[in-house]
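Here the structure comes first, spelled out in structure tokens, and everything after it is commentary.
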Amino acid sequence: MKEVCIFNETRDSFLAQRACVADSFFPRLKGLLGKKCLPPQGGLVIIPCSSVHCMGMKFPIDVLYVSLEHKVLKVVENLRPNRLGPIVKGSKYVVELPAGTISATSTGEGDILHLKNINDD
């Protein structure tokens, strides 16, 4: 699976050093189901996506809903297992991060993200 690092250009901070990209049917369907946790500096980018759920998950996550222009449209902190996230109009992808990442990096609505392929030089 493709991996990216996620940088918040607005806050000059890394959100994830190694985030997997789920951009086809089965990886998007599975998401984080079956995982025990997200590692520190880990994450999952789901493309395309405008809503998420944590049904069947074992741990809480932070979620960023992001536009085609990489602008954060909505932040959801500490989305707990067996909960639904909102549907966010205009969201082209979501970034799922370990709970506490949004607060620790002061990431907010309007911030601009940059996703860089890990294999890029």
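Because the structure is predicted, anything quoted here is derived from the model rather than measured. Residues take their numbers from the sequence shown, with the count starting at 1. Heavy atoms only: backbone and side chains are in, while hydrogens, waters and symmetry mates are out.
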#### Entry: OG on Ser51 to OH on Tyr65, rounded to 0.5 Å
6.5 Å
### Task
Work out which heavy atom in Pro60 is nearest to a heavy atom in Pro81; give both atom names and the distance.
N-CD, 4.0 Å
### Message
To the nearest 0.5 Å, what is the distance between CD1 on Ile47 and OG on Ser24?
### Response
10.5 Å
### Query
Quick one: side-chain hydrogen bond (donor to acceptor under 3.5 Å, both in side chains) pairs with a partner in residues 77-103, sequence neighbours left out?
His70-Tyr93
### Task
Evaluate the criterion side-chain contact (heavy atoms from CB on, under 4.5 Å) for residue pair Arg11 and Thr105; output intermediate values, then yes/no.
CA-CA 7 Å; Arg11 308 289 174 178; Thr105 60; 5.9 Å; no
### Query
What's the spacing between Cys37 SG and Lys58 NZ if we round to 0.5 Å?
12.0 Å
### Task
Using the rule that two of Ile, Leu, Val, Met, Phe, Trp, Tyr join whenever any of their side-chain heavy atoms come within less than 4.5 Å, decide whether Val95 and Ile118 are in one cluster.
no
#### Entry: Under 3.5 Å donor-acceptor, Glu9 side chain and Ile112 backbone
no
### Task
Determine whether Leu73 and Glu109 make a side-chain contact, defined as any pair of heavy atoms from C-beta on separated by less than 4.5 Å.
no
### Task
Specify the closest pair of heavy atoms between Lys74 and Pro86, including all atoms of both residues, with the distance to one decimal.
CE-CG, 4.0 Å
### Task
Is it possible for you to say whether Ile46 and Ile102 belong to one hydrophobic cluster, with membership spreading through side-chain heavy-atom contacts below 4.5 Å?
no
### Message
I'd like to check Met55 versus Leu84 (side-chain heavy atoms, cut-off strictly below 4.5 Å). Are they in contact?
### Response
yes
### Query
For the atom pair CG (Leu115) and CZ (Phe7), what is the distance rounded to the nearest 0.5 Å?
12.0 Å
### Message
Given 3.5 Å as the limit, does a donor-acceptor pair link the side chain of Asn8 with the main chain of Thr107, or not?
### Response
no
### Query
Are Val66 and Ile61 co-members of a hydrophobic cluster defined by side-chain heavy atoms under 4.5 Å apart?
no
### Task
Show the numbers, then the answer: is there a side-chain contact (heavy atoms from CB on, under 4.5 Å) between Leu15 and Leu113?
CA-CA 9 Å; Leu15 300 176; Leu113 304 185; 3.7 Å; yes
### Summary
Between Leu97 and Leu38, the two heavy atoms sitting closest are C-CD1, 3.5 Å
### Query
Do you know which two heavy atoms are closest between Met1 and Val21, and how far apart they sit?
CG-O, 3.2 Å
#### Entry: Heavy-atom closest pair, residues Ala19 and Leu44
CB-N, 4.2 Å
### Shortest non-hydrogen separation from Ala16 to Gly43 and the atoms involved
CB-N, 4.5 Å
### Message
Quick check on the hydrophobic clustering: are Val52 and Val72 connected, directly or via other members, by side-chain heavy-atom contacts under 4.5 Å?
### Response
no
### Query
Taking a hydrophobic cluster as the set of Ile, Leu, Val, Met, Phe, Trp and Tyr residues connected by side-chain heavy atoms closer than 4.5 Å, whether directly or through intermediates, do Leu64 and Leu32 fall within one such cluster?
no
### Query
What distance do Cys49 atom SG and Ile87 atom CD1 have between them, rounded to the nearest 0.5 Å?
10.5 Å
### Task
Sort and list the pairs that fulfil salt bridge (Lys or Arg N to Asp or Glu O under 4.0 Å) and have at least one residue in residues 15-37, not counting sequence neighbours.
Glu3-Arg18
